[in-house]
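Okay, structure first, notes after.
Atoms within a ligand are numbered from 1 in the order they appear, just like the ligands themselves. Sequential numbering from 1 along the given sequence is applied to the chain's residues.
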Amino acid sequence: MTTLWSGRFDSAPDAAAFEFGASFRFDRRLFEDEIIGSLAWGRALASAGVLSGDEARQIEDALAALLERGRSDPAFVDGPDEDVHSFVERLLVEQLGDTGRRLHTGRSRNEQVSLDLRLYLRRRIPPLQRLVAGVVDALAAQAEAAGDALMPSFTHFRPAQPILVAHFFLSHAAPLRRDCARLDGARMESDALPLGSGAIAGTAYAIDVDALARDLGFSRVVDNSMDASSDRDFAATFLYACALTMVHLSRLAEDLIILCGDEHHFFELSDALSTGSSMMPQKKNPDPLELVRGKSGRAIGHLIGLLTTIKGLPTGYNKDLQEDKEAVFGAEDTVSGCLAVARSVVNGLTLDRVRAAAAASGMLLATDVADYLVGRGVPFRRAHEIVGAIVRTLIAEGREFESLTLEEWRAASDRFESDVAARVTPGASVAAKRTPQSTAPSAVAARLAEVRQWLERAGR
Ligand code: ARG
């Protein structure tokens, strides 16, 4: 196998070491970006007078044909080459001879690989965002279908206050919307042209990098050729966005695993997205959700892996940087697979209104009782104590607020009136909330409408 750097060496590379260092097995995924970048580089060389019009045309035609071939037959993108850059150049030279050999003038693989990864992220992030929006869409649909259904919320995983089921679903849509914005940030960070940086010091040919940036659809050119050759911040930002998306999916999965279980059973998982046990006939297991939770470790690992790889590098390209691609591809695959299954699981949930509402009552109304007293002029800290004492008695006697007679209420505080019973229900509790981010039905309806508008705006 000839390499792009064989001239300086007496002997062929050690086969095992060559294989160890080769990246074609995974960077073939950058094939289309490699060609797009090379097409533009050929045009830039022609504008700089390095290639004649005829040479540029031949290169352009040959690269376009390769792109066509690789797109229609992915198996074509294969061979004994060191990496995708070597592969494309080999085919070009096989076809055009010396004309093909001119394309690498003034260019280094160090900047090519950065370019390819930037182009790759630019085209792969929007589909990923659409998958995130797909989960938001499923959550919004469940929120809509839930209507005025009630369930408990939890703090410290102990029942806290009644909420609308819709509020629960939208609470998982909010972080996913932030993930979309974070992915936008990664896309914008990738949006800088590294070509013109050469191997590290720049290029000695009169390349109009601004025109080249425009040609490739980049909004700007990198600041510094040395920085550009080893900058993988954009990849790290992407991995952070993926890691955090997985953290959010993992928490959604965890909530659903618990709340679909027999102990709570606010929701039922669709049979199609559950699994059975080989031994225990009664089991209905949430395997897809457990895998989403489990796979979050991969995405977090890819982020930590890349940060660790780049932290000790001397300035300039180092081969360590080749580790960036498997991290990016691995995170992308993990996130996209998990988003797709999360969407299906959420879409397939059935709400158990009776169980969910039953769990939203009882001691969860204690704050509402305290708020009632505040409304009658009792200082909150004092009200908290009074209600705490009522709760203690009720628990000891195995009773709930609704069993209290007016006399019993008034024994605890003479501020209680006959309207207290109507004020201390799960429905009254949610209706009493006043802020736009609260579980008040009107607030939740407004947020849901806003989520729908976001989904529409995003064209997702
Ligand atoms: N396969 C290499 C990578 O992924 C491409 C750049 C190689 N540059 C070099 N000087 N060896 O980083």
Next item on the list: Please determine if Asp83 and Arg28 form a salt bridge, counting it only when a charged side-chain N lies under 4.0 Å from a carboxylate O.
Entry: no
Check: Under 4.5 Å between any side-chain heavy atoms of Val451 and Val136, yes or no?
Finding: yes
One line per pair, note the atom names and distance for all nitrogen or oxygen contacts under 3.5 Å between ligand 1 and the protein.
{"from": "ligand 1", "atom 1": "1 (N)", "to": "Ser23", "atom 2": "OG", "distance (Å)": "3.0"}
{"from": "ligand 1", "atom 1": "1 (N)", "to": "Asp83", "atom 2": "OD2", "distance (Å)": "3.4"}
{"from": "ligand 1", "atom 1": "1 (N)", "to": "Gln322", "atom 2": "OE1", "distance (Å)": "2.8"}
{"from": "ligand 1", "atom 1": "4 (O)", "to": "Lys325", "atom 2": "NZ", "distance (Å)": "2.5"}
{"from": "ligand 1", "atom 1": "8 (N)", "to": "Asn110", "atom 2": "OD1", "distance (Å)": "3.1"}
{"from": "ligand 1", "atom 1": "10 (N)", "to": "Asn110", "atom 2": "OD1", "distance (Å)": "3.0"}
{"from": "ligand 1", "atom 1": "12 (O)", "to": "Tyr317", "atom 2": "OH", "distance (Å)": "2.6"}

Next item on the list: Return the set of residues passing side-chain contact (heavy atoms from CB on, under 4.5 Å) with His265 (not counting sequence neighbours), or none when no residue passes.
Entry: Glu268, Asp352, Arg355
Next item on the list: May I have all residue pairs that pass side chain to side chain donor-acceptor pair (under 3.5 Å) and include part of residues 203-212, sequence neighbours excluded?
Entry: none
Check: Who pairs with Thr99 by side-chain contact (heavy atoms from CB on, under 4.5 Å), at least two apart in sequence or on another chain?
Finding: Glu55, Gln58, Ile59, Leu96
Notebook entry, point to check: Would Phe329 and Tyr120 satisfy ring-ring contact (aromatic ring centres under 6.0 Å, His included), going step by step from the backbone distance to the final call?
Noted result: CA-CA 10 Å; Phe329 301 153; Tyr120 180 83; 5.1 Å; yes
